Amino acid sequence: MATNSSHLPPRPLQKILVWHQGALGDLLLAGPALAAVSRHYPEAAFIGVGHPERWRLLAGTLPVGEIWDGGEALWSALFQDAGDLPPGLAARLFGTDLALVFSPRPRPGFLARLIRGGAARAVWIPSFPEGGVEPVAALQARRLKELGIRNSSEVNFRLQLEPIGDGDSGVNPGEVILAIAPGSGRPEKNWPLSHYYEVARALSWEAKLRVVWLAGPAEEGILPYIEGLAAAQEHTVWVRQPLARVARLLAGTQVYLGGDSGLS
């Protein structure tokens with residue numbers, strides 16, 4: 001049992017479980033660290049545990065073999081201090097060579113329960129800096145270096161996506177797209193919607209850009225205003241579209257405007 005091992009297990013590995021329950025932005029920022037782990041263990045397949053739709057964004061870029069919903073009741077036994085683990089959990093963890101747990105703080109008990117359930121080894125990776133401003137990639141690179149993986153911050157991580165086809169995004173072939181995502185998980189840090197509108201109006205007329213507003217859960221409260229502004233300027237509005245479809249739109253977008261959000 002090596003919950004606090006100073007190094008990762010020797011190669012090769014076949015099955016790496018990655019526990020990451022963070023928001024979209026946190027998961028994407030972990031991309032360089034996950035790519036470095038994949039490079040270190042090229043034979044291994046990842047099992048992503050967390051929000052399935054977010055994890056599916058990484059499936060074309062990282063060796064993600066399976067995706068499990070971290071909200072299932074089955075996983076709750078890992079948060080208990082004692083008691084038997086359900087047989088279904090042991091079946092999930094069977095054959096796991098390594099479990100990587102991304103969380104803000106170390107969880108020794110959680111790691112120990114993973115190992116008790118069948119993971120050969122479990123280690124903690126910080127998901128973001130608590131009370132500091134250190135970039136996530138640098139923080140995780142430092143932790144991976146402690147575990148024996150170097151230069152993870154130098155990994156050039158970019159999602160591998162096919163741009164969405166003409167017509168599917170509400171634009172015509174040859175049009176230059178300005179995508180706007182005005183919301184975030186914390187409304188108090190958002191730029192005023194009127195500012196977004198002024199920029200969108202100016203660029204759509206002066207630079208001949210096709211404007212596509214992106215409205216998801218973060219924009220729920222301001223959606224009527226977005227739809228009104230878009231209608232006044234003949235802009236397109238995407239409402240609650242699947243993340244994979246939004247990502248494919250962004251892969252072919254020439255200009256993007258957004259705040260501090262996972263989508264940005």
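Bear in mind that the values here come from a model prediction, so they are computed numbers and not experimental data.
Applying the salt bridge (Lys or Arg N to Asp or Glu O under 4.0 Å) test to R158 and every residue at least two apart in sequence or in another chain returns nothing. Listed by chain and number, the residues in a side-chain hydrogen bond (donor to acceptor under 3.5 Å, both in side chains) with Q241 are R245 (sequence neighbours excluded). Scored by the salt bridge (Lys or Arg N to Asp or Glu O under 4.0 Å) test, K189 finds D260 as partners (sequence neighbours excluded). Judged as a side-chain hydrogen bond (donor to acceptor under 3.5 Å, both in side chains), and not counting sequence neighbours, the contacts of E130 are R105. Scored by the salt bridge (Lys or Arg N to Asp or Glu O under 4.0 Å) test, E162 finds no partners at all (sequence neighbours excluded). Taking the side-chain hydrogen bond (donor to acceptor under 3.5 Å, both in side chains) definition, one finds that E198 meets it with R201, sequence neighbours left out. Under the side-chain hydrogen bond (donor to acceptor under 3.5 Å, both in side chains) criterion, T96 pairs with no residue at all, not counting sequence neighbours.
F94 belongs to no multi-residue hydrophobic cluster, having no ILVMFWY side-chain contact under 4.5 Å with any other such residue. The hydrophobic cluster containing W213 also includes V176, L178, I180, W191, L193, Y196, Y197, V199, L203, L209, V211, I222, L223, Y225, I226, L229, V237, V239, V255, L257, under a criterion of side-chain heavy atoms closer than 4.5 Å among ILVMFWY residues, counted directly or through chains of members.
Look at R116 and D84 and you find a salt bridge, because one of the NZ, NE, NH1 or NH2 atoms lies within 4.0 Å of a carboxylate O, short of that distance.
Residue pairs satisfying the side chain to side chain donor-acceptor pair (under 3.5 Å) criterion with at least one member in residues 70-80, sequence neighbours excluded, are listed as follows: E72-R92. Residue pairs meeting the ring-ring contact (aromatic ring centres under 6.0 Å, His included) criterion with at least one partner in residues 243-264, sequence neighbours excluded, do not occur; the list is empty. The stretch residues 228-242 participates, sequence neighbours left out, in these salt bridge (Lys or Arg N to Asp or Glu O under 4.0 Å) pairs: E220-R240.
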